[in-house]
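Whatever order the structure lists ligands and atoms in, that order sets their numbers, starting from 1. What you are looking at is a predicted structure, and each value in this text was computed from that prediction instead of being measured.
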Amino acid sequence: MKILVINGPNIQLLGVRKPEIYGKGTLSDLQDSLEKIAKELKLKISFFQSNHEGEIVDVIGSAIENGIDGIIINPAAYTHTSIAIHDALESVGIPAIEVHISNIHRREEFRRKSVTASACLGQISGLGTEGYGWALRAIADHLEKIKLTGV
Ligand code: CA2
């Protein structure tokens with residue numbers, strides 16, 4: 001099973017700016033910890049980060065031909081605006097979990113609405129970067145259930 005982790009704009013700044021909101025770990029630390037969890041769960045994992053909406057749409061669009069079984073996505077600011085990312089997720093129909101490092105419901109009003117979450121299986125918000133690990137476990141569990149029941 002292959003999982004693709006997608007991070008949107010400015011997530012490359014993780015650990016460099018705003019540690020009070022997003023924590024002290026870098027994107028590379030996050031990817032290392034997800035590699036370990038993936039190994040434990042016997043999943044293959046790959047990573048993509050982009051500051052450009054169209055590039056994120058493209059990578060989602062080519063996920064089927066790249067043999068991706070599950071997607072973990074933090075669309076970052078595009079969460080609140082991108083119908084294009086919503087439509088890409090809905091079109092490929094690959095199970096996806098939306099992750100937010102901060103609790104988007106406890107922040108400014110404009111962050112409370114996710115345009116993309118309705119194209120996902122579920123959303124994890126506010127658990128820090130640990131949320132990605134929980135998403136990985138949840139998607140492994142979901143894919144296992146699909147395999148067993150065929151539903
Ligand atoms: O909490 C999240 O994960 C967000 O998706 C992060 C986005 C924000 O626009 C969403 O409302 C919630 C911002 C990502 C910017 O990432 C940074 C990381 C470290 C330092 C500065 C920005």
Legend entry - atom 13 (C) of ligand 1 - nearest protein heavy atom and its distance: Y22 OH, 3.4 Å

Inset, instruction - Could you please spell out the steps behind the side chain to side chain contact (heavy atoms under 4.5 Å, CB included) verdict for I97 and Q123? - result: CA-CA 6 Å; I97 298 185; Q123 184 196 61; over 6 Å; no

Legend entry - Aromatic plane relationship, H80 with H100 - under 30° parallel, 30 to 60° tilted, over 60° perpendicular: parallel

Legend entry - Short N or O distance, H100 and ligand 1, threshold 3.5 Å exclusive: yes

Legend entry - ligand 1 contact by H80, heavy-atom criterion under 4.0 angstrom: yes

Legend entry - Proximal ligand 1 atoms for N74, defined as those under 4.0 Å from one of its heavy atoms: 2 (C), 3 (O), 5 (O)

Inset, instruction - Pull out every atom of ligand 1 sitting under 4.0 Å from any heavy atom of I104, numbered as shown with elements. - result: 12 (C)

Inset, instruction - Determine whether the side chains of N51 and Q49 contain a donor N or O and an acceptor N or O closer than 3.5 Å. - result: yes

Inset, instruction - Would you please test T26 and L30 for side chain to side chain contact (heavy atoms under 4.5 Å, CB included) and show each step? - result: CA-CA 6 Å; T26 64; L30 168 61; over 6 Å; no

Inset, instruction - Kindly check if the number of other-residue, nucleotide or ligand heavy atoms within 6.0 Å of CG (L13) is above 12? - result: yes

Legend entry - Nearest-contact summary for atom 16 (O) of ligand 1 - protein heavy atom, Å: N10 O, 3.4 Å

Inset, instruction - Take N7 and Y132, measure what side-chain hydrogen bond (donor to acceptor under 3.5 Å, both in side chains) needs, and give me the verdict at the end. - result: CA-CA 11 Å; N7 277 299; Y132 290 82; 2.6 Å; yes

Inset, instruction - Look only at interatomic distance and state if S102 has a nitrogen or oxygen under 3.5 Å from any nitrogen or oxygen of ligand 1. - result: yes

Legend entry - Mode of R111 contact toward ligand 1 - side chain, backbone, both, neither (heavy atoms, under 4.0 Å): side chain

Legend entry - Side chain, backbone, both or neither: the part of P75 lying under 4.0 Å from ligand 1 by heavy atom: neither

Inset, instruction - Please indicate whether Q31 has more than 12 foreign heavy atoms, meaning atoms of other residues, nucleotides or ligands, lying under 6.0 Å from its CD. - result: yes

Inset, instruction - Report, in ascending order of atom number, the atoms of ligand 1 lying under 4.0 Å from any heavy atom of L14. - result: 18 (C), 19 (C)

Legend entry - Nearest neighbour in protein (non-hydrogen) for atom 2 (C) of ligand 1: I101 N, 3.3 Å

Legend entry - N/O separation below 3.5 Å, P9 to ligand 1: no

Legend entry - Ion pair check, D141 and K145, cut-off under 4.0 Å: yes

Inset, instruction - Starting from atom 20 (C) of ligand 1, find the nearest protein heavy-atom neighbour and note its residue, name and distance. - result: R17 O, 2.9 Å

Inset, instruction - Would you indicate whether the side-chain heavy atoms of H142 and L121 approach each other to under 4.5 Å? - result: yes

Legend entry - Polar contact flag, side-chain donor to acceptor under 3.5 angstrom, E98-T79: no

Inset, instruction - Could you tell me whether some N/O pair between R107 and ligand 1 is separated by less than 3.5 angstrom? - result: no

Inset, instruction - For A77, take its heavy atoms, then give the atoms of ligand 1 lying under 4.0 Å from any of them. - result: 9 (O)

